[in-house]
Visitor: 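Sending over a structure as structure tokens; questions will come in a sec.
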Amino acid sequence: MTSSGVRVRFAPSPTGYLHIGGARTALFNWLFARRMGGEFVLRIEDTDGERSRPELIDVIFQALEWLGLDWDGTPVHQSERGHLYSAAVDTLLAQGDAYWCACSSEDVKARAEARGGTPGYDSHCRHLGLGPGEGHVVRFAVPDDGVTAFDDLIRGHVSFDNANLEDFVVQRSNGSPMFHLANAVDDADQGITHVIRGEDLINVTPKVLLLRAALGAPGELIFAHLPLIVNEKRQKLSKRRDDVSVGDYIERGYLPEAMVNYLATLGWGPSDGVEIRPLAEIVAMFDIADVGKSGAFFDVKKLQHFNGEYIRALSLPQFVSRSTRWLFDDAPWDPERFDIATFEVLAPLVQERVKLLAEVPDFVDFVFAAEPVIDEESWQKVMVKTPDLAAAVLDHALAGFAECDWTAAGLDAALFSYAETHGVAKGKVQAPVRVAVTGRTVGPPLFESLEVLGRDETIRRLAAARSRV
RNA sequence: GCCCCCAUCGUCCAGCGGCCUAGGACGCCUGCCUUUCACGCAGGUAACACGGGUUCGAAUCCCGUUGGGGGUGCCA
């Protein structure tokens with residue numbers, strides 16, 4: 001227990017990879033804990049043996065580590081705490097707060113339809129005095145009247161009429177606990193003080209509260225339901241239809257600092273309006289009560305802008321080392337031809353142009369690939385549309401580059417003498433050379449690129465292109 | 001259907017009864033810089049959902065309407 005007494009938890013279920021929504025929930029829990037000087041613990045909610053995939057647990061931990069969200073203590077696995085949950089179920093049963101139910105899902109559904117389509121369980125077995133048996137579940141006996149309410153740190157007073165709550169299952173027919181039960185037991189057992197989670201869970205809160213009361217959980221649990229992160233259609237992010245795996249963002253070359261910083265602006269904003277800033281400052285300014293109530297769109301464009309800012313803020317060595325992954329794995333060239341020293345020369349020019357690290361290879365592939373990959377659209381635009389100019393410039397470059405100083409300045413003078421004598425814009429003059437040598441109309445500054453490529457290879461490519469014009 | 005939640009520029013935030021002819025950021029558009037692209041710089045575009053109250057005064061408080069979302073599982 002810390003001086004503040006605050007202890008929060010992030011409780012992922014290993015049924016999939018960590019996604020953007022989970023990452024944001026983890027981040028806000030972490031921010032709250034760090035701000036309050038409390039603890040941030042992890043709990044793996046793997047009570048559903050059917051869906052849980054243990055191999056994903058490490059993947060989730062790795063994603064959290066990547067984000068820099070360090071947790072306190074050792075993560076708890078619900079699958080290893082079965083005895084606590086069955087003891088709780090026994091207590092509930094003994095107190096008459098829960099009862100055995102023999103209805104199958106089909107029975108419940110059929111009766112609901114007969115009733116007029118209102119979904120939900122009808123307390124059918126509540127007073128039957130059934131005991132354990134094949135296919136029997138344990139249900140919590142929700143009070144018929146009264147209200148269950150709580151004061152949410154973000155939403156204020158939220159209240160539910162017990163009459164609208166059905167007798168929910170707390171233990172499956174296979175003996176495993178349902179998540180509400182495990183949740184209530186563990187939050188009490190682990191001394192959790194605040195529950196910060198997505199708004200999609202707001203309606204299970206009364207169930208947990210009822211369970212806590214019945215189990216005599218000590219103290220009061222304080223809730224804060226975060227607004228959902230939504231897609232362009234304003235729907236909750238879904239693993240199936242949306243691009244939300246944190247792992248995919250890692251692959252594309254997003255920096256964790258940028259991701260965390262961006263995520264912090266979803267549902268919250270610093271009062272001074274400065275969005276891009278160190279995490280430590282965000283921790284210092286963060287107040288859970290300032291979190292907004294409405295859903296926030298996950299805007300990849302803005303995330304990319306943040307990422308570009310963070311990439312440009314890197315020192316050169318950092319930029320180089322962070323880029324290496326994309327320079328070796330799946331790089332569009334023969335690994336043998338890659339040379340880190342050569343890359344380091346070009347790196348400063350690349351750093352200020354990319355928004356994603358995964359874009360880095362595209363800016364240097366012309367040096368490491370044996371042949372430039374000609375972009376057809378670029379070729380059409382400068383070689384086919386204005387063939388006379390292209391041919392003249394290429395001839396001029398071929399002649400000039402054979403003799404000039406092989407420096408950016410020397411190349412500049414050799415090529416642009418054409419622009420001066422013929423009164424053609426420099427932009428028009430450099431285009432054919434750029435396409436001939438790099439394959440594209442865009443890229444790092446041309447003369448620095450040629451300087452690195454070397455005289456022989458540059459001339460070879462120029463000649464090859466000239467013969468095709 | 002029922003329950004719960006939400007509502008400021010296209011998007012994310014600021015605004016917590018007068019400082020708002022509503023501010024910042026992303027995007028988009030224009031210009032400057034410039035060998036392409038990018039960066040940078042200077043501008044511009046664009047919002048308080050609607051209707052009632054309360055108040056001297058409302059984007060800010062209350063009610064309703066409309067719209068949107070979430071939930072409604074022996075998933076979490």
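Only heavy atoms go into these numbers, but all of them, side chains included; no hydrogens, no water, no symmetry mates. Reminder, nothing fancy here: chain letters follow the sequence lines and each chain counts from 1.
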Visitor: On a whole-Å scale, what distance lies between the C1' atoms belonging to C50(B) and C26(B)?
Guide: 29 Å
Visitor: Base, sugar-phosphate, or nothing for K426(A), non-hydrogen atoms under 4.0 angstrom?
Guide: sugar-phosphate
Visitor: Counting any heavy atom closer than 4.0 Å, what does G135(A) reach on the DNA or RNA strands: base, sugar-phosphate only, or nothing?
Guide: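 G135(A): base contact, heavy atoms under 4.0 Å.
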Visitor: For V137(A), which contact category applies under a 4.0 Å heavy-atom criterion: base, sugar-phosphate, or nothing?
Guide: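 V137(A): base contact, heavy atoms under 4.0 Å.
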Visitor: Can you see if the side chain of R172(A) gets near the phosphate of A76(B) - specifically, an N or O under 4.0 Å from OP1 or OP2?
Guide: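 Yes.
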Visitor: So C103(A), base contact, sugar-phosphate only, or nothing? Heavy-atom distance under 4.0 Å.
Guide: base
Visitor: Kindly say if K301(A) contacts the phosphate of G10(B), meaning a side-chain N or O under 4.0 Å from OP1 or OP2.
Guide: no
Visitor: Grab the two heavy atoms, one from S449(A) and one from L346(A), that are nearest each other, plus how far apart they are.
Guide: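 Scanning both residues, the minimum pair turns out to be CA-CD1, 4.5 Å.
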Visitor: Below 3.5 Å, does any donor atom in the side chain of R353(A) face an acceptor in the base of C37(B), or the other way round?
Guide: yes
Visitor: Classify the nucleic acid contact of F297(A) as base, sugar-phosphate or nothing, counting any heavy atom under 4.0 Å across all strands shown.
Guide: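 The residue F297(A) makes sugar-phosphate contact but no base contact.
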Visitor: Determine the interatomic distance between P on A7(B) and the same-named atom on A14(B); round to the nearest Å.
Guide: 11 Å
Visitor: Would you indicate, yes or no, if A76(B) has its OP1 or OP2 atom less than 4.0 angstrom from a side-chain nitrogen or oxygen of T47(A)?
Guide: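 The answer is yes; a side-chain N or O of T47(A) sits under 4.0 Å from OP1 or OP2.
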Visitor: Please evaluate the base of C13(B) for a donor-acceptor partner in the side chain of T265(A) within a cut-off of under 3.5 Å?
Guide: no
Visitor: How is G443(A) classified with respect to the nucleic acid when contacts are heavy atoms under 4.0 Å: base, sugar-phosphate, or nothing?
Guide: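 Base contact.
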Visitor: Do K293(A) side-chain and A7(B) base share a donor-acceptor contact under 3.5 Å?
Guide: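 No such pair is found, so the answer is no.
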Visitor: For the pair R455(A) (side chain) and C404(A) (backbone), establish whether a donor and an acceptor sit closer than 3.5 Å, ignoring hydrogens and angles.
Guide: yes
Visitor: Please confirm whether the backbone N or O of V274(A) pairs with a side-chain atom of R277(A), one donor and one acceptor, at under 3.5 Å?
Guide: yes
Visitor: Give me the distance, rounded to whole Å, that separates U45(B) from A25(B) when you measure between the C1' atoms they each carry.
Guide: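 After rounding to an integer number of Å, I get 15 Å for this pair.
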Visitor: Hey, which sits more toward the 5' end of RNA chain B by its nearest nucleotide, L228(A) or G295(A)?
Guide: G295(A)
Visitor: Need one value for V429(A): base, sugar-phosphate or nothing, where a base atom within 4.0 Å counts as base even if backbone is also close, heavy atoms only.
Guide: nothing
Visitor: With rounding to the closest Å, how many angstrom separate the C1' atoms on A58(B) and C16(B)?
Guide: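 Between the two C1' atoms, the distance is 12 Å.
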Visitor: Between N29(A) and T25(A) (side chain of the first, backbone of the second, donor and acceptor by atom type, cut-off under 3.5 Å), is there such a pair?
Guide: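 Judged by distance alone, yes, a pair lies under 3.5 Å.
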Visitor: D299(A) side chain: which of G70(B), G10(B), G24(B) is closest?
Guide: G10(B)
Visitor: Pick base, sugar-phosphate or nothing for F160(A), based on heavy-atom distances below 4.0 Å to the nucleic acid.
Guide: sugar-phosphate
Visitor: State whether Y254(A) and R252(A) meet the cation-pi test: NZ (Lys) or CZ (Arg) under 6.0 Å from the six-membered ring centroid, and within 45° of the perpendicular axis.
Guide: no
Visitor: Distance check: side-chain N/O of R53(A) vs OP1/OP2 of C75(B), anything under 4.0 Å?
Guide: no
Visitor: If you take any heavy atom closer than 4.0 Å to RNA chain B, which residues from residues 18-27 of chain A end up in contact?
Guide: none
Visitor: Rounded to whole angstrom, note down the P distance from C19(B) over to C63(B).
Guide: 25 Å
Visitor: So F150(A) and F160(A), would you call those rings parallel, tilted or perpendicular, with 30° and 60° as cut-offs?
Guide: parallel
Visitor: On a whole-Å scale, what distance lies between the P atoms belonging to C13(B) and G57(B)?
Guide: 33 Å
Visitor: Just call it for R51(A): base, sugar-phosphate, or nothing, with non-hydrogen atoms closer than 4.0 Å on any strand.
Guide: base
Visitor: Which part of the nucleic acid, if any, lies within reach of L201(A) when heavy atoms closer than 4.0 Å are counted: base, sugar-phosphate only, or nothing?
Guide: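 The residue L201(A) makes base contact.
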Visitor: On RNA chain B, check which nucleotide each of F363(A) and P227(A) is closest to and give me the residue with the more 5' one.
Guide: P227(A)
Visitor: Under 4.0 Å between a Lys/Arg side-chain N and an Asp/Glu carboxylate O for R126(A) and D144(A)?
Guide: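 Answer for the salt bridge query: yes.
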Visitor: Give a yes or no on whether the ring-centroid distance for W71(A) and F61(A) is below 6.0 angstrom.
Guide: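 So the answer is yes for these two rings.
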Visitor: Can you tell me whether the side chain of Q235(A) and the base of G70(B) have a donor-acceptor pair closer than 3.5 Å?
Guide: no
Visitor: Using the C1' atom on both, measure G18(B) against A59(B) and round to a whole Å.
Guide: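 Result for the C1' pair: 13 Å, nearest Å.
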Visitor: Under 4.0 Å between any heavy atoms, over every strand shown, what does E309(A) touch: base, sugar-phosphate, or nothing? Just pick one.
Guide: sugar-phosphate
Visitor: Need one value for R155(A): base, sugar-phosphate or nothing, where a base atom within 4.0 Å counts as base even if backbone is also close, heavy atoms only.
Guide: sugar-phosphate
Visitor: When the C1' atoms of U8(B) and C20(B) are compared, how many Å lie between them, rounded to an integer?
Guide: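 Taking atom C1' in both C20(B) and U8(B), they lie 12 Å apart.
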Visitor: Using 0.5 Å steps for rounding, measure from the OG1 atom of T458(A) to the CG atom of L411(A).
Guide: 7.5 Å
Visitor: Where the side chain of E166(A) meets the backbone of Y121(A), is there a donor-acceptor pair that is under 3.5 Å apart?
Guide: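 Pair found, side chain donor or acceptor close to backbone of Y121(A).
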